[in-house]
Amino acid sequence: MPVSVLITTQEINNFMTPDQKFARYVKISLVGFIVLFLYFVIADLYMPVTPQARVYHPVVQVTPQVSGRVTEVLVTNNQAVEKRQALFKINDEPFELAVQQAELVYDDAKLQNQRLDSSVKAIEAQLAAAKAKLHEQTLLFERGESLLKKRSISEQEYETINANYQSSKANVAAIEAQLSEAKLARGKMGNDNLALRHALNQLEQAKLNLSYTTVTADTDGKTANLQVTAGTYANKGQPLMAIVANKADLVADFREKSLVHVQIGSTAKVSFDALPGKVFTGKIVSFEAGVSDGQLNANGLLSATESSNRWVRDAQRQRIHIQLDEHQMLAKFPSGARATVQLLPDSSVGSWFASMQIRFISVLHFIY
């Protein structure tokens, strides 16, 4: 009667020589390496993952627009601020004096216009008198011509009448020229007057500079790198602090070939180093147009070719932007926070493997 014998793996190992056991382990290792290699190649094409991802916040430099000594600092470092909130103040006394001086210039311009108005009226009165005199001389000249034809007056008397007539005409022309010059100097009436506009512009500029003595935040965010204290001399155009805006952007750098099968709207899974064990869902919202290596500068020099002694060069990376489903989550991370991004393929099987892969990585964040 046949007897069935069940031989376990342990019993087989007991019958194998050390060389056979070593050869068996090598074969298993090779098979495992090949399987892992194939998985890496396929995964890198259809469910790529990268640890090269960061959260970026726009950083706004706080730069005074006027120079002066800082009299008061109204915020502390890493303090949350709102747009247009006062950050620090610059000594405003010189700028208040500048406003007063501009007001004096404006008042002087109005007074000068009043003087010019009076001058215009005086010349207009002179012109009216000169025209009346010219009218009188015109009548005399016409009568003189008539009498001369009748030989009722001498030529000497006629020449005297004609000279007075021509003198009156010249006087009227001279006064009209003076009037035109006076009106030109006066300019337009009201606020359209050029002198008033110049003075008003200086006044508005002085008031604007005075408003710049209170430096305010240009955006909502948190103060950072606060280096200013009371007594610091602030130079126009020199940053004294920064504001990290609340708005945030998540960017990830992938090898070019890894992005072949993804597009805008593709699903992404994100694990942040700061929150190990947690995975967030998002989507690709944009691809960047290029990287700095692809930028040519028109500097007048000949082109520089790329040279490398390596047979296999480093893969070029391209940047994508990702938006989380939880829109407010990114604002909670500091600028520069690291993350790992996993892109999901369209197939359900591939999505499952990709989800397991990013979850495994998120658990590893407890360790590293």
Side-chain angles (χ1 to χ4, degrees), residues 63-69 84 89-216 234-237:
T63 305
Q65 295 179 268
V66 294
S67 299
R69 195 163 303 281
R84 297 187 180 88
K89 293 184 177 181
I90 296 174
N91 182 20
D92 59 0
E93 291 181 359
F95 301 97
E96 288 180 347
L97 291 175
V99 170
Q100 295 175 12
Q101 179 62 32
E103 289 175 344
L104 291 175
V105 172
Y106 181 70
D107 292 339
D108 184 67
K110 291 193 294 184
L111 183 60
Q112 182 65 25
N113 281 340
Q114 292 176 1
R115 294 194 187 99
L116 291 174
D117 288 338
S118 299
S119 177
V120 167
K121 290 180 180 179
I123 296 175
E124 287 176 344
Q126 292 177 15
L127 180 61
K131 285 183 177 181
K133 183 68 174 178
L134 176 61
H135 178 69
E136 179 185 357
Q137 292 299 323
T138 301
L139 294 177
L140 290 175
F141 175 73
E142 291 174 351
R143 187 180 301 112
E145 281 186 330
S146 176
L147 292 175
L148 180 63
K149 291 178 181 180
K150 296 177 181 180
R151 303 295 180 176
S152 298
I153 60 173
S154 64
E155 290 186 1
Q156 183 178 2
E157 291 177 331
Y158 173 76
E159 289 176 358
T160 301
I161 294 172
N162 185 35
N164 292 334
Y165 170 69
Q166 296 299 331
S167 176
S168 297
K169 285 177 62 177
N171 188 39
V172 169
I175 295 175
E176 285 179 342
Q178 293 179 13
L179 180 61
S180 296
E181 185 178 352
K183 288 183 176 180
L184 185 62
R186 172 60 175 84
K188 295 181 179 180
M189 304 298 292
N191 292 330
D192 290 336
N193 179 260
L194 186 60
L196 284 180
R197 287 168 58 191
H198 276 299
L200 185 60
N201 180 267
Q202 294 178 10
L203 178 58
E204 293 300 324
Q205 184 63 54
K207 290 181 178 179
L208 185 62
N209 289 338
L210 178 60
S211 69
Y212 288 155
T213 58
T214 299
V215 181
T216 60
N235 288 308
K236 178 182 178 180

Any chance you could measure [X], atom [atom1], to [Y], atom [atom2], to the nearest 0.5 Å?
X	Y	atom1	atom2	answer
Leu104	Leu111	CG	CG	11.5 Å
Lys133	Ser167	NZ	OG	9.0 Å
Ser67	Phe95	OG	CZ	7.0 Å
Asn209	Gln65	CG	CD	9.0 Å
His135	Thr138	NE2	OG1	7.5 Å
Arg69	Asn91	CZ	CG	9.0 Å

### Query
Does Thr214 reach the main-chain N or O of Ser211 with its side chain, forming a donor-acceptor pair under 3.5 Å?
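Flag not set: sc Thr214 to bb Ser211 has no pair under 3.5 Å.
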Tell me, do [X] and [Y] make a side-chain contact under 4.5 Å, heavy atoms counted?
X	Y	value
Lys236	Val66	no
Glu103	Leu203	yes
Val105	Gln202	yes
Asn164	Leu140	no

### Query
Of the non-hydrogen atoms in Asn235 and Pro64, which two are nearest, and what is the gap between them?
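Heavy atoms only, the tightest pair is O-CG, 3.5 Å.
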### Task
Grab the two heavy atoms, one from Leu210 and one from Glu96, that are nearest each other, plus how far apart they are.
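Distance-wise, the nearest heavy atoms are CD1-CG, 3.7 Å.
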### Message
Using the rule given for side chain to side chain donor-acceptor pair (under 3.5 Å), can you reason through Asn201 versus Gln205, listing the C-alpha separation, both sets of side-chain angles and the distance that settles it, and then say yes or no?
### Response
CA-CA 6 Å; Asn201 180 267; Gln205 184 63 54; over 6 Å; no
